[in-house]
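Hydrogens, waters and symmetry mates are skipped; everything else that's a heavy atom, side chains included, is used.
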Amino acid sequence: MSETTEISYPMTEEELFFLSHMMKLKSIFGAKDPFRGYLVAEIEERYKVVKKELLKKGYLLQDENGELEIAPLLGACLLACGEDDGIQLAKRSIEGKIVQSNLYATKHIVAEISPNPEQEKGYVLRPLASAEQTLGELFFFFPEQQEIEEEWAVDISGMNIDKWLELELEEQASYLLQAGIEENKVIDALHAFQFRESQGAMRKWKRESNYWLAVAIQYVSYENRFYLASEQPGKRLRIETYNIAEVEHFLTGFCERFMIEEATDDMDGEGTPDTTEINEKRTETQ
């Protein structure tokens, strides 16, 4: 994703935990609680050690009165991470390149948390470009539409992506064959889901009370044949030949929310947002 600068904040699980608690943030999706099961006294002792590291790194600043504050840009990133929704990305190309990150957005900034390849159980927190620019790039995270001889789609009730990938090959085949998909097409699709020469997934997260709700979409490919699995309303999973329109539908509601927020300052005479520019930009991303 596009970074605003080369600024990044490598940190441990413990450092992220204490910084988020200092800002009184809600739980951050994708971030583990390193102190689950610890006694309060044990956490307090660990904080004394971690605080020294945060001061040394410049993540915490201390004034002449001994008051602590978080570095301003880091604080803005952490505020975004504490929002009620975000999106998780993962992709592996045929060449073996791997991308993994979580994005947290406000209308002013998008923050990214990704695994730190140089530190076990560590993260790298980065400020990215504006919500409009960064979220627009998500429309290019999956491949473009592929040439397909014959399109098909099957909806499976009571299924999600994780359950689908855990099924035995015979069980997957049974669902597709019962839906009337020809055997040779079923074999091609299941080869793609089994061998996955390239694959990518996006998962939207939404906080509801004390729980996180998620909905996901995933593409897989094998021998230049691309397929899509997308979680649909009503606890249904759709398996289909690759369909970029499904990807765009998955992203549009999430991304438009931030763009519409920016547009609400520009109201027409009847008190409704002027969305002309938004619609033009959406067309460009597609």
Please examine the side chains of Leu138 and Ile87, heavy atoms only from C-beta on, and report whether any two atoms are closer than 4.5 Å. yes
Exam field: side chain Asp63 to backbone Asn65, donor-acceptor pair closer than 3.5 Å: yes
Geometric class of the Tyr242/Tyr219 ring pair [parallel <30°, tilted 30-60°, perpendicular >60°]: perpendicular
When you compare the side chain of Ile113 with that of Ser101, does any pair of heavy atoms fall below 4.5 Å? no
Would you say that Lys121 contacts Thr12 through its side chain, given a criterion of any heavy-atom pair below 4.5 Å between the two side chains? no
Value for CD (Gln199) from CZ (Phe142), rounded to nearest 0.5 Å, stands at 10.0 Å
Could you tell me whether Glu112 and Arg126 have a side-chain N and a carboxylate O separated by less than 4.0 Å? yes
Could you tell me whether the side chain of Leu165 reaches within less than 4.5 Å of the side chain of Arg196, counting heavy atoms only? yes
Keeping Arg92 on the side-chain end and Glu197 on the backbone end, is there a donor-acceptor pair under 3.5 Å? yes
Give the cluster check for Leu55 versus Phe17: same hydrophobic cluster or not, with ILVMFWY residues linked at side-chain heavy-atom distances below 4.5 Å. yes
Gap separating the CG atom of Asp33 from the OH atom of Tyr38, nearest 0.5 angstrom: 10.0 Å
Work out which heavy atom in Glu83 is nearest to a heavy atom in Ala105; give both atom names and the distance. CG-O, 3.9 Å
For residues Leu16 and Ala31, report the shortest heavy-atom separation together with the two atoms involved. CD2-CB, 3.9 Å
Heavy-atom closest pair, residues Cys77 and Ile109: SG-CD1, 4.2 Å
Are the side chains of Leu74 and Leu19 in touch, meaning some heavy atoms are under 4.5 Å apart? yes
Here the gap from Thr241 atom OG1 to Leu228 atom CG, rounded to the nearest 0.5 Å, amounts to 9.0 Å
Do the charged groups of Arg225 and Glu223 touch, with an N to O distance under 4.0 Å? yes
Would you say Leu251 and Val99 are hydrophobically clustered, going by side-chain heavy atoms of ILVMFWY under 4.5 Å? yes
When clusters are formed by joining ILVMFWY residues with side-chain heavy atoms under 4.5 Å apart, either directly or through shared neighbours, do Ile148 and Phe193 land in the same one? no
Measure across Asp84 and Trp212 and return the closest heavy-atom pair with its distance rounded to 0.1 Å. O-CZ3, 3.4 Å
As a quick check of understanding, evaluate ring-ring contact (aromatic ring centres under 6.0 Å, His included) for Tyr227 and Tyr222, giving each step before the final call. CA-CA 9 Å; Tyr227 299 88; Tyr222 181 69; 9.9 Å; no
With a 4.5 Å cut-off on side-chain heavy atoms, are Leu237 and Ile239 touching? yes
Before you tell me yes or no, could you show the steps for Met23 and Leu79 under side-chain contact (heavy atoms from CB on, under 4.5 Å), namely the whole-Å CA-CA distance, both residues' side-chain angles and the distance that decides it to 0.1 Å? CA-CA 8 Å; Met23 296 188 68; Leu79 280 175; 3.5 Å; yes
d(Phe226 CZ, Glu144 CD) to nearest 0.5 Å is 10.5 Å
Do Glu15 and Lys57 meet the salt-bridge criterion of a basic N to acidic O distance under 4.0 Å? yes
Would you say CG of Asp162 has more than 12 non-hydrogen atoms from neighbouring residues, nucleotides or ligands within 6.0 angstrom? yes
Residues Asn160, Lys235; criterion side-chain contact (heavy atoms from CB on, under 4.5 Å); working and verdict: CA-CA 7 Å; Asn160 60 36; Lys235 296 183 178 180; over 6 Å; no
Tyr47 side, atom OH; Lys52 side, atom NZ - distance, nearest 0.5 Å: 12.0 Å
Indicate yes or no for a side-chain donor-acceptor contact from Lys91 to the backbone of Ala201 under 3.5 Å, with no hydrogens or angles considered. no
Using distance only, find each side-chain donor-acceptor pair of residues 181-191 under 3.5 Å and give its atom names and separation, not counting sequence neighbours.
| residue | atom | partner | partner atom | Å |
| --- | --- | --- | --- | --- |
| Glu182 | OE1 | Lys185 | NZ | 3.0 |
| Lys185 | NZ | Glu150 | OE1 | 3.4 |

Quick one about Gln88 and Trp205 (side-chain donor to acceptor, distance below 3.5 Å, no hydrogens or angles considered), yes or no? yes
Would you call Glu231 and Ile217 a side-chain contact if the rule is heavy atoms closer than 4.5 Å? no
Donor-acceptor pair between Gln178 and Ser174 side chains, under 3.5 angstrom: yes
Which heavy atom of Asn116 sits nearest a heavy atom of Pro10, and at what distance? ND2-CB, 3.9 Å
Can you tell me how far apart CG (Leu167) and CD (Gln172) are? Round to the nearest 0.5 Å. 5.5 Å
side-chain contact (heavy atoms from CB on, under 4.5 Å) between Asn102 and Leu89: does it pass, once the steps are laid out? CA-CA 6 Å; Asn102 296 337; Leu89 308 174; over 6 Å; no
Could you go through the side-chain contact (heavy atoms from CB on, under 4.5 Å) check for Val247 and Phe141 one step at a time? CA-CA 10 Å; Val247 179; Phe141 187 71; over 6 Å; no
Could you verify whether a donor N or O on one side chain and an acceptor N or O on the other, from Ser198 and Ser93, lie under 3.5 Å apart? no
Which atom names give the shortest non-hydrogen contact between Pro72 and Leu61, and what distance separates them? CD-CD1, 4.4 Å
Establish whether Phe254 and Ile161 are linked, either directly or via other cluster members, by ILVMFWY side-chain heavy-atom contacts under 4.5 Å. no
Just checking, Lys51 and Phe18: is the charged tip under 6.0 Å from the six-membered ring centre and within 45° of the axis? no
Examine distances only and state if a side-chain atom of Gln232 and a backbone atom of Arg236 form a donor-acceptor pair shorter than 3.5 Å. no
Val154 and Tyr175, any side-chain heavy atoms less than 4.5 Å apart: no
Can any side-chain N or O of Lys204 pair as donor or acceptor with the backbone N or O of Phe250 at less than 3.5 Å? yes
